[in-house]
A.B. asks: 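Handing you this structure, nothing more for now.
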Number of protein chains: 2
Amino acid sequence: MVKQTISAAQITAAAFEIMQTGGTVEQLSIRKIAAKLHIGVATFYWHFENKQALLQAMSDEIIAGIQFPPTTTAMPWTKQIKLIFKTIYATYLEQPYAAELMLRTVPATKIRLSLINRLLQILLDAGFTPEQSNLAIESIDHFMSGLFADIAGKIEMKQRALSQTDPYLAQLPLKMKTIAADNHFDAFLKTFEHHRQQQQHSAEKFMLGLDIFLAGLEQQRHS
Amino acid sequence: MVKQTISAAQITAAAFEIMQTGGTVEQLSIRKIAAKLHIGVATFYWHFENKQALLQAMSDEIIAGIQFPPTTTAMPWTKQIKLIFKTIYATYLEQPYAAELMLRTVPATKIRLSLINRLLQILLDAGFTPEQSNLAIESIDHFMSGLFADIAGKIEMKQRALSQTDPYLAQLPLKMKTIAADNHFDAFLKTFEHHRQQQQHSAEKFMLGLDIFLAGLEQQRHS
DNA sequence: ACCTGAACACCGTTCAAGT
DNA sequence: ACCTGAACACCGTTCAAGT
């Protein structure tokens with residue numbers, strides 16, 4: 001037997017490869033990782049305390065890999081915030097599992113805390129109180145997480161519906177329009193096309209929603 | 001053997017009881033439900049197509065159980081929206097698993113579609129376009145879902161940290177402050193107390209975030 | 001120090017068989 | 001029509017045993 005040594009980095013790399021092929025964090029299993037690396041499942045537990053520790057490492061790696069744009073205090077604070085979130089958003093779009101990963105982990109690393117710190121600093125510099133700043137950043141974060149959870153959920157449901165494994169789910173979206181039509185849910189029907197185009201336009205959607213929120217926030221600063 | 005007949009309603013009731021004791025939708029298992037009702041696991045599959053179908057039934061039951069306040073077109077549209085979301089929010093607070101349930105299911109029932117329709121109608125009546133209305137309602141929904149996913153995640157992590165099963169997680173929140181202090185993340189430290197009080201004040205937090213968003217939306221309507 | 005096989009305690013789902 | 005036991009194909013995690 002050739003003595004092949006596996007590193008923690010190789011394990012996270014394999015985990016990322018598996019996630020890239022789709023599926024949720026729940027579906028990422030230690031057994032799949034072990035099979036990909038041709039190691040026993042127990043080997044994983046020598047390198048990581050448990051699955052949670054792997055997720056922490058992965059979430060940190062994702063944030064560390066982001067190239068954040070430079071911002072200066074000369075720029076309007078709204079512009080600074082938008083630039084940073086646009087970058088985060090782009091990353092989440094490339095790696096759709098990233099949002100779920102962030103929700104499932106604690107930002108207890110230097111890299112993740114520094115990002116939160118930077119966002120808070122922009123708002124403090126703009127004249128917001130610590131309370132306002134904290135609320136605003138968390139609200140934006142929740143908005144983005146919710147959007148991604150929704151998109152991830154829809155993608156997963158679509159995959160399960162397309163594979164023969166779950167024909168149950170396949171009929172549900174079709175049922176929506178029928179029910180809406182039968183009950184004369186006119187407002188819903190009027191906006192139905194916008195519902196359906198959701199996935200393609202999620203990037204603009206996030207930025208538009210962010211614009212609305214920042215406009216309301218700017219108003220609050222003046223009063 | 002006494003011939004005891006189980007109904008679908010009894011199964012959802014048992015499922016709600018299990019969820020009330022805490023835990024995620026993932027942790028709700030058909031085996032736990034079967035044990036609670038003293039039936040075989042396979043019996044579940046006679047009453048429901050699969051676990052997804054159970055979740056659909058549960059999400060519908062939750063929305064059906066909400067007593068929505070009456071709103072009239074005489075009220076300002078922001079007031080109408082706030083009243084409805086306050087009610088939804090209160091329900092999600094009582095049943096913390098409700099938000100996760102909504103994210104995991106398709107609103108393909110009359111009761112859930114009628115709620116979406118009502119919210120959209122308020123915005124259409126206020127003069128927003130279908131595009132704007134759809135974006136606004138989805139944004140608010142994502143914001144609320146993200147907030148609840150965050151709270152649910154934090155509660156779950158706290159439970160796992162408190163039980164001896166996962167001491168790994170217990171040390172992470174403590175680590176946060178140490179790292180922030182070591183790296184002079186001043187903005188983070190300044191708002192740290194607000195982070196920690198999060199759970200108690202999540203209700204006000206949601207309403208405050210909603211206020212900001214609605215203020216931005218109102219502004220958009222005038223331009 | 002690093003890796004393993006085998007086991008434990010869980011999952012969702014199916015299916016032939018019972019009444 | 002309704003329910004069952006037993007099986008299948010999965011999980012995360014542990015642990016004594018190997019090198």
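Because the structure is a prediction, the values reported are computed rather than measured. Here is how names work: the chains are called A, B, and so on, in the same order as the sequence lines, proteins then strands, and each is numbered from 1.
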A.B. asks: Starting from P on D/dA6, measure out to OH on B/Tyr45 and report it in whole angstrom.
C.D. replies: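 Rounding to the nearest Å, OH of B/Tyr45 and P of D/dA6 are 18 Å apart.
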
A.B. asks: Of the non-hydrogen atoms in A/Ile33 and A/Ala14, which two are nearest, and what is the gap between them?
C.D. replies: CG2-CB, 4.2 Å

A.B. asks: For A/Asn50 and D/dG12, give me the distance from atom CG to atom P, rounded to whole Å.
C.D. replies: 11 Å

A.B. asks: Write down the distance between CD1 (B/Ile33) and P (C/dC11), rounded to a whole number of angstrom.
C.D. replies: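 Answer to the nearest Å: 11 Å.
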
A.B. asks: Mind checking if A/Leu28 touches a base, just sugar-phosphate, or nothing, with heavy atoms under 4.0 Å?
C.D. replies: sugar-phosphate

A.B. asks: For C/dC2, does OP1 or OP2 lie under 4.0 Å from any side-chain N or O of A/Thr5?
C.D. replies: no

A.B. asks: Go ahead and name the base partner of C/dG18; Watson-Crick or wobble counts if both distances stay under 3.5 Å, otherwise write none.
C.D. replies: D/dC2

A.B. asks: If you compare all heavy atoms of B/Pro130 against all heavy atoms of A/Lys190, which two are closest, and at what distance to 0.1 Å?
C.D. replies: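 In this case the closest contact between B/Pro130 and A/Lys190 is CB-O, 4.1 Å.
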
A.B. asks: Specify the closest pair of heavy atoms between B/Arg112 and B/Ser59, including all atoms of both residues, with the distance to one decimal.
C.D. replies: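 Minimum heavy-atom separation between B/Arg112 and B/Ser59: NH1-OG, 3.1 Å.
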
A.B. asks: Between atom NE2 in A/His47 and atom P in C/dC2, what is the gap in whole Å?
C.D. replies: 7 Å

A.B. asks: In whole angstroms, how far is the P atom of D/dC15 from the CZ atom of A/Phe44?
C.D. replies: 17 Å

A.B. asks: Given that B/Lys32 and A/Trp46 both sit by DNA chain C, which one's nearest nucleotide is further toward the 5' end?
C.D. replies: A/Trp46

A.B. asks: Nearest whole angstrom, please: distance from the C1' of C/dC2 to the CD of A/Gln10.
C.D. replies: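 My rounded result for the distance is 13 Å.
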
A.B. asks: Across all strands, who's sitting opposite D/dC8 as a Watson-Crick or G-U wobble pair, both distances under 3.5 Å?
C.D. replies: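 Answer to the pairing question: C/dG12, which forms a Watson-Crick or G-U pair with D/dC8.
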
A.B. asks: Report the nucleotide, chosen from D/dG5, D/dC3, C/dA7, that has the shortest atom-to-atom distance to any side-chain atom of B/Ile6.
C.D. replies: D/dC3

A.B. asks: Rounded off to whole Å, could you give me the CD1-to-C1' distance for the A/Ile30 and D/dT14 pair?
C.D. replies: 13 Å

A.B. asks: Please pick, from C/dT4, D/dC11, C/dT13, the nucleotide with the shortest atom-to-atom distance to any side-chain atom of A/Ile39.
C.D. replies: C/dT4

A.B. asks: Take the protein atom NE2 of B/His38 and the nucleotide atom C1' of D/dT4, then report the distance between them rounded to whole Å.
C.D. replies: 16 Å

A.B. asks: Give me the distance, rounded to whole Å, that separates C/dC2 from D/dA17 when you measure between the P atoms they each carry.
C.D. replies: 22 Å

A.B. asks: Going by the angle between their ring planes, with limits at 30° and 60°, are B/Phe44 and B/Phe48 parallel, tilted or perpendicular?
C.D. replies: parallel

A.B. asks: Do any N or O atoms from the side chain of B/Glu100 and from the backbone of B/Tyr97 form a donor-acceptor pair under 3.5 angstrom?
C.D. replies: no

A.B. asks: State whether B/Thr43 places a side-chain N or O below 4.0 Å from either non-bridging phosphate oxygen (OP1 or OP2) of D/dT4.
C.D. replies: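 Checking D/dT4 against B/Thr43, a side-chain N or O does come within under 4.0 Å of OP1 or OP2.
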
A.B. asks: In whole Å, measure the gap between the P atoms of D/dA9 and C/dA9 for me.
C.D. replies: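 Result for the P pair: 22 Å, nearest Å.
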
